[in-house]
Amino acid sequence: MRLSHSLVPTLKETPTEAQIVSHRLMLRAGLVRQTAAGIYAWLPAGLRVLQKVAQIVREEQDAAGAQELLMPTIQPAELWRESGRYEDYGKEMLRLKDRHERDLLYGPTNEEMITDLFRQSVRSYRALPQILYHIQWKFRDEVRPRFGVMRGREFLMKDAYSFDIDYAGAVASYRRMMLSYMRTFRRMGLKAIPMQAESGPIGGNMSHEFIILAPTGESAVYYDAAFEEIDYSASGFDIFSEADLERFFGLVTTHYAATDEKHNPAVFAALEAGRRREGRGIEVGHVFYFGTKYSAAMGFAVAGPDGRPVAPEMGSYGIGVSRLVGALIEAFHDEAGIIWPDAVAPFRAAILNLKAGDPACERMAEDLYAKLAPSVLYDDREERAGVKFADADLMGHPWQLIVGPRGAARGQVELKRRASGERQELSLDSALAQIV
RNA sequence: CGGGGCGUGGCGCAGCCUGGUCAGCGCGCGUGUUUUGGGUACACGAGGCCGCCGGUUCGAAUCCGGCCGCCCCGACCA
């Protein structure tokens with residue numbers, strides 16, 4: 001992308017409404033713009049991040065054997081009347097009427113709809129287990145949206161639903177999703193910790209929330225350093241082995257971990273001093289097991305091995321995709337701006353032409369751009385060097401390819417790593433080799 | 001939903017209390033000169049129904065009423 005003709009409106013000053021770091025930086029770096037309270041437009045650079053985050057989530061869901069589908073944002077009220085939640089959900093649900101006065105709603109979650117889809121077609125226990133997910137916009141009419149994209153009313157969520165024939169199966173699905181989540185967050189460079197949670201309005205009796213660590217997180221967290229030593233990768237656990245899943249679940253649930261509201265100082269103090277970790281965290285995911293709550297309420301049963309009907313055991317698993325973008329910034333930033341982990345950066349690198357109009361610089365910058373487009377942002381604006389440096393730091397590209405008259409004369413480019421600030425003078429080829 | 005606050009060019013703000021040469025400042029934007037490796041300097045210029053509706057008044061950004069929108073703290077949540 002050429003910055004001179006892109007809608008990436010960076011801001012020198014911070015809009016007053018933005019109070020937390022990620023919100024300020026998202027506005028300043030030109031990633032999003034607010035359209036109404038808790039509702040945001042994702043501008044080109046922001047959308048690239050959102051899509052990268054979604055893609056990592058998608059790949060890890062697929063790797064855990066989940067199937068992707070896409071359910072609509074608008075749902076008929078009937079489905080929710082069947083489960084009883086049309087009345088229960090309250091004002092957070094955005095209710096609509098179509099031209100025929102039919103009651104509709106903008107989905108805040110999809111348990112009813114997925115159950116309906118399953119009961120239409122699945123008749124036998126032999127088709128189970130299955131896990132389905134989609135990545136779709138949700139709307140929850142929060143009383144008080146805040147923190148920018150972290151607590152919006154409209155948000156992008158990955159929600160998965162598991163169907164098993166019995167409790168043991170449901171437990172395995174639940175654990176499989178948990179492991180998938182740990183891998184997902186790790187791929188983004190985040191440290192995540194699963195914590196015992198209340199199951200809230202979704203209902204059920206087993207629930208964990210996933211907190212990622214960030215210095216500016218919303219709540220204090222206390223945990224055992226053992227979490228940092230677990231190898232969640234395929235070499236640590238086979239995600240399709242029930243024995244491995246059980247071992248994984250055991251590790252992840254026995255070590256101490258709590259947010260401030262559930263923190264038990266006495267238990268924490270009993271931990272060996274060297275293992276006690278305190279930090280701040282942000283909730284980015286939540287998993288629930290709720291048994292037959294929806295299948296029973298909505299009359300969904302399959303034939304069991306003995307031919308008699310059985311209501312499948314279900315669970316649901318959410319990751320706040322758009323929230324993650326904000327959470328990532330909370331976890332990775334400094335005074336100058338965002339520091340994107342490579343895996344989610346909107347652009348791998350920025351090319352800074354320090355002297356637009358200079359033939360040698362133009363040639364070198366264009367050459368680099370031709371080789372790296374479209375995964376790179378070319379700052380070809382007629383701006384001073386300082387402006388370009390400041391904007392590149394703000395936007396947080398992992399690498400900066402700095403093309404100036406000094407180096408261009410010698411066929412050299414300066415490569416800067418945003419995270420460490422390290423710079424090195426290199427030939428074009430070795431610079432390219434480094435950032436690919 | 002309870003409490004607090006704010007709406008004035010794209011952004012950040014002053015002006016309001018004490019109505020009238022009050023529509024202003026900084027940044028940004030355009031043109032020119034200047035500068036040329038960390039948000040350069042100067043000059044000229046464009047840009048605003050002062051959130052909306054109504055009222056008071058000879059006169060309203062300023063006073064009064066209603067409405068709308070947004071933010072912050074708290075209770076609640078992916």
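This is a predicted model, so every value here is computed, not measured. Chain A is the first sequence line, chain B the second, and so forth, proteins listed ahead of strands; every chain is numbered from 1.
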Salt bridge check: are [X] and [Y] linked by an N-O gap of less than 4.0 Å?
| X | Y | answer |
| --- | --- | --- |
| A:Glu366 | A:Arg2 | yes |
| A:Arg277 | A:Asp224 | no |
| A:Asp342 | A:Arg417 | yes |

Does the structure show a Watson-Crick or G-U wobble partner for [N], both distances under 3.5 Å? Name it, or say none.
| N | answer |
| --- | --- |
| B:U18 | none |
| B:C70 | B:G5 |
| B:A43 | B:U31 |

In whole Å, I'd like the distance from the [atom1] atom of [X] to the [atom2] atom of [N].
| X | N | atom1 | atom2 | value |
| --- | --- | --- | --- | --- |
| A:Gln19 | B:C6 | CD | P | 15 Å |
| A:Asp393 | B:G38 | CG | P | 13 Å |
| A:Arg146 | B:G74 | CZ | P | 7 Å |
| A:Phe147 | B:A78 | CZ | P | 15 Å |
| A:Glu17 | B:C73 | CD | C1' | 17 Å |
| A:Glu92 | B:A75 | CD | C1' | 12 Å |
| A:Leu27 | B:C11 | CG | C1' | 10 Å |
| A:Asp391 | B:G37 | CG | P | 18 Å |

Considering only [options], which nucleotide approaches the side chain of [X] most closely?
| X | options | result |
| --- | --- | --- |
| A:Ala385 | B:C70, B:G37, B:A78 | B:G37 |
| A:Glu414 | B:G37, B:C71, B:C27 | B:G37 |
| A:Val143 | B:C70, B:C77, B:C1 | B:C1 |

Please identify each residue that fulfils salt bridge (charged side-chain N to carboxylate O under 4.0 Å, His left out) with A:Arg153, with sequence neighbours left out.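 Checked A:Arg153 against salt bridge (charged side-chain N to carboxylate O under 4.0 Å, His left out); matches are A:Asp141.
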Rounding to an integer number of angstrom, what distance separates [N] and [M] when you compare their [atom1] atoms?
| N | M | atom1 | answer |
| --- | --- | --- | --- |
| B:G5 | B:A14 | P | 16 Å |
| B:A60 | B:G65 | C1' | 15 Å |
| B:U31 | B:C70 | P | 36 Å |
| B:C11 | B:C17 | C1' | 28 Å |
| B:C64 | B:U56 | C1' | 7 Å |
| B:U33 | B:G10 | P | 29 Å |
| B:A61 | B:G54 | P | 14 Å |
| B:G32 | B:U40 | C1' | 16 Å |

Aromatic stack A:Phe389/B:G37: centroid gap under 5.5 Å, interplanar angle under 30°: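 Per 5.5 Å and 30° rule: no stacking.
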Nucleotide by nucleotide, 5' to 3', does protein get under 4.0 Å of the base (B), only the sugar-phosphate (S), or neither (-) in nucleotides 29-36 of chain B, counting heavy atoms? S-----BS
Measure the spacing between OH of A:Tyr294 and CD1 of A:Ile114 and express it to the nearest 0.5 Å.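 Going from OH on A:Tyr294 over to CD1 on A:Ile114, the span is 13.5 Å.
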From A:Ile282 CD1 over to A:Ser22 OG, what is the distance, rounded to the nearest 0.5 angstrom?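 Nearest 0.5 Å value for the CD1-OG distance: 7.0 Å.
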Is [X] side chain donor-acceptor paired with the [N] base, going by distance under 3.5 Å alone?
| X | N | answer |
| --- | --- | --- |
| A:Arg28 | B:C11 | no |
| A:Arg423 | B:G38 | yes |
| A:Glu13 | B:G26 | yes |

Evaluation steps, side-chain contact (heavy atoms from CB on, under 4.5 Å), between A:Arg85 and A:Thr109: CA-CA 11 Å; A:Arg85 283 160 109 199; A:Thr109 176; 3.7 Å; yes
Is the distance from OP1 or OP2 of [N] to the nearest side-chain N or O of [X] less than 4.0 Å?
| X | N | answer |
| --- | --- | --- |
| A:Lys12 | B:G39 | no |
| A:Lys91 | B:C1 | yes |
| A:Thr16 | B:C71 | no |
| A:Gln34 | B:G69 | no |

Looking at every strand, decide which applies to [X] at a 4.0 Å heavy-atom threshold: base, sugar-phosphate, or nothing.
| X | result |
| --- | --- |
| A:Thr14 | sugar-phosphate |
| A:Ala390 | base |
| A:Gly152 | base |
| A:Val321 | nothing |
| A:Gly318 | nothing |

Per nearest nucleotide of RNA chain B, the residue lying toward the 5' end, A:Glu154 or A:Ile20, is A:Ile20
RNA chain B nearest-nucleotide lookup for A:Ala18 and A:Met150: closer to the 5′ end is A:Ala18
Check: A:Ser427/A:Ser430 side-chain N/O donor and acceptor closer than 3.5 Å: yes
Give a yes-or-no answer on whether the side chains of A:Gln130 and A:Gln67 include a donor-acceptor pair shorter than 3.5 Å.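 On atom types as modelled, these side chains qualify, holding a pair under 3.5 Å.
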Going through the checks in order, is the ring pair (Phe, Tyr, Trp, His ring centres under 6.0 Å) test met by A:Tyr133 and A:Tyr317? CA-CA 9 Å; A:Tyr133 76 97; A:Tyr317 315 90; over 10 Å; no
